[in-house]
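Input: a single structure, listed below in structure tokens.
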Amino acid sequence: MMKLALALLLASVAFVTTSPAYAQATSGFEQRRLAAMAQFTQRAAPAKADCNDDDLRGNCGVLRPLSFAISSLFRDSDSDEGNAVIADSVAAVGRVVRSAKWRATEKKATIGAAIPLQMLVRTYFLFGPKGTKAPGRLSESNQSGIREAVWEYAKGRCSLESAGIDRVWIVKGSENIHLLDVTLCWEAAELLSGVPPRRYDDASSTEQQKAAWNKYLKEYISQRAKYGGLTEFFSSYYKYSLIGIFNVADFASDSRLRELASNFLDIWYADWAEEQIDGLHGGSKARIYSGIVEPGLVAMEPAWFYFGIGVMPVGIGHPSQVFMLTSTYHPPEIVGEIATKKVTTPYIVKSRRPGLEVAGSGELMDAKAGGILRYAFVSPSFVMGTSMLARRPLKDWSPASSQNRWNGVVLRGSGKRYLYVRPVNTSRSVYNSEWGVQAAGTQLIQKLAPPFGSKSGPLTIWYGSDLKPEQVGDWYFFDSSAYVAVRAVFGRLEIRRDARTGLTVTDELSPVIVTATEREAFASFDDFKAKMLRARLSRDSDTVQFSPPQNGSVIKFFYRSGRLPEIDGKAIDIAPSFGFESPYMKSIWGQGVITITFGDKHIVRDFAN
């Protein structure tokens with residue numbers, strides 16, 4: 001009996017043992033927090049002749065001074081100056097939200113005021129009369145000023161009608177902007193409840209608004225968990241999408257809402273963790289702007305902050321990161337172990353995502369229909385990802401889904417070792433500009449011309465500055481931490497001669513092939529090149545068939561008729577029964593029960609009720 005008891009005790013200890021990599025990564029967490037907070041040093045917006053009075057963002061605005069102020073109060077390093085900066089920011093925000101010019105454009109109103117107001121709300125909840133960090137550290141005049149500025153924003157924009165749970169899939173403008181707006185409506189009601197009664201423009205009370213927005217956000221979060229998560233997955237705007245979620249997770253008085261928000265952050269970080277190596281995210285993405293951020297560096301800030309991966313990124317000093325840095329939220333240990341694991345055996349990550357709109361609605365998403373199958377191949381030296389979808393007209397898609405999609409590969413070792421396929425943009429963005437298929441480490445991608453895609457020029461294979469192409473026949477090869485080969489199916493690839501590194505396709509209709517492999521799969525780089533040159537590739541008037549030498553899969557792509565691609569004779573399923581399917585995350589589409597697994601450990605996040 002004693003031996004059995006001892007065995008059970010040892011088994012339970014083994015079950016909860018933290019991996020050495022994760023233990024080392026988390027050992028300096030508080031030191032990283034303080035180092036990051038010290039990056040917020042800008043006390044005032046610089047005086048510039050071209051600054052507008054209503055510009056609250058960028059170098060002209062209040063975001064960076066507010067970050068300094070929050071950091072000062074959080075660290076108790078200079079509370080007087082912090083309060084002085086907050087007073088200036090409150091005055092600037094109040095002036096803007098009271099102006100007729102600001103109210104004239106709904107989207108501009110949200111963009112211009114929502115982020116600084118979210119920061120002010122966070123300051124109030126951390127340091128106000130009932131502050132969770134340091135009650136009373138925020139001056140009484142600033143407490144009053146924040147309440148009035150938030151009220152000016154909310155009283156005419158937030159209504160019981162807009163908080164209806166039948167509206168949780170309406171996306172106005174873009175997903176991150178809409179999420180900033182609706183969480184700010186909740187924050188206003190949460191902050192103003194319990195103080196002298198106020199009436200919104202629709203005659204509702206703060207208590208009615210609080211109840212309505214509590215219910216709305218519970219449904220909003222649960223619906224996203226049931227149907228694949230955020231539409232703007234791993235976007236350049238990811239940090240703005242999570243701002244309001246952090247505030248809800250930290251400050252909601254409704255315990256179930258607070259739990260749902262925290263659980264949603266758990267699945268967001270778990271989803272990121274399984275598609276990255278060394279903090280570099282290689283899965284497919286939406287709304288990634290060319291030239292603004294290296295694709296693999298999306299979410300490098302939490303990779304360093306939470307898990308100690310890499311060195312402190314420059315982006316940690318962005319004002320939006322102050323929400324993460326001052327939060328009590330931390331991803332659960334199991335997510336950290338996924339993030340810090342050493343990949344030794346390749347694995348596949350699949351997830352079904354929302355992207356389609358209800359026909360003719362203009363802003364209502366058809367979430368249950370999904371529309372996108374994300375596929376990522378995670379290997380010891382690279383991660384390749386593709387958003388696989390049907391060839392559908394642009395009008396079928398939400399702009400939050402179709403804008404600036406990213407399909408490509410990120411290689412281990414540097415944020416400048418990446419390669420992705422996208423047409424040249426003829427304006428700031430492209431929309432529904434390409435479609436493709438992926439099997440293991442091989443992609444076929446084709447440009448979508450009107451009426452399918454919009455605002456796009458020639459299809460181009462873009463690559464990072466750490467990669468140097470070598471041409472052999474119709475193929476271009478890259479020798480890096482992994483071997484990569486690319487080619488056009490028709491026509492040829494031409495090296496771009498401008499500031500950006502890329503290979504442009506000369507044939508408008510031609511798909512391109514991108515294949516990556518571990519170096520160890522071949523005797524040498526020359527061996528890889530020789531076998532790629534002999535790889536099976538056939539074409540006819542409608543189809544391309546390709547079989548990469550590293551795994552033998554047969555990929556069939558219907559470049560003219562637009563039928564769903566096939567892998568080994570079977571059409572891809574873009575509407576599977578699962579929501580998440582990988583060695584680390586599993587769920588059934590529409591149920592909202594997500595299991596996160598690492599080794600013998602698992603946790604369940606239940607959004608069903």
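Residues Phe323 and Phe246 place their aromatic rings such that the two centres sit no closer than 6.0 Å. The distance between the ring centers of Trp272 and Tyr238 does not fall below 6.0 angstrom.
Between Glu301 and Lys239 there is no salt bridge, since no side-chain nitrogen of the basic residue lies less than 4.0 Å from a carboxylate oxygen of the acidic one. Under a 4.0 Å N-O distance rule, the pair Lys210/Glu207 does not qualify as a salt bridge. Note on Glu175 versus Arg287: no salt bridge recorded, every NZ/NE/NH1/NH2 to OD/OE distance being 4.0 Å or above. The pair Asp271-Arg353 meets the salt-bridge criterion, since a charged nitrogen lies less than 4.0 angstrom from a carboxylate oxygen. A salt bridge is defined here as a Lys NZ or Arg NE, NH1 or NH2 lying under 4.0 Å from an Asp or Glu carboxylate O, and Glu140 with Arg147 fails to meet this definition.
In the model, Asp250 has a side-chain atom that pairs as donor or acceptor with a side-chain atom of Thr328 under 3.5 Å. Side-chain contact, Tyr375 with Asn407: no donor N or O sits under 3.5 Å from an acceptor N or O. Tyr289 and Gln403 share a donor-acceptor pair across their side chains, judged by distance under 3.5 Å alone.
Within the 3.5 Å criterion, the main-chain N or O of Cys158 finds a donor-acceptor partner in the side chain of Gln209.
Residues Ile372 and Pro354 approach most closely at CD1-O, 4.4 Å, considering heavy atoms.
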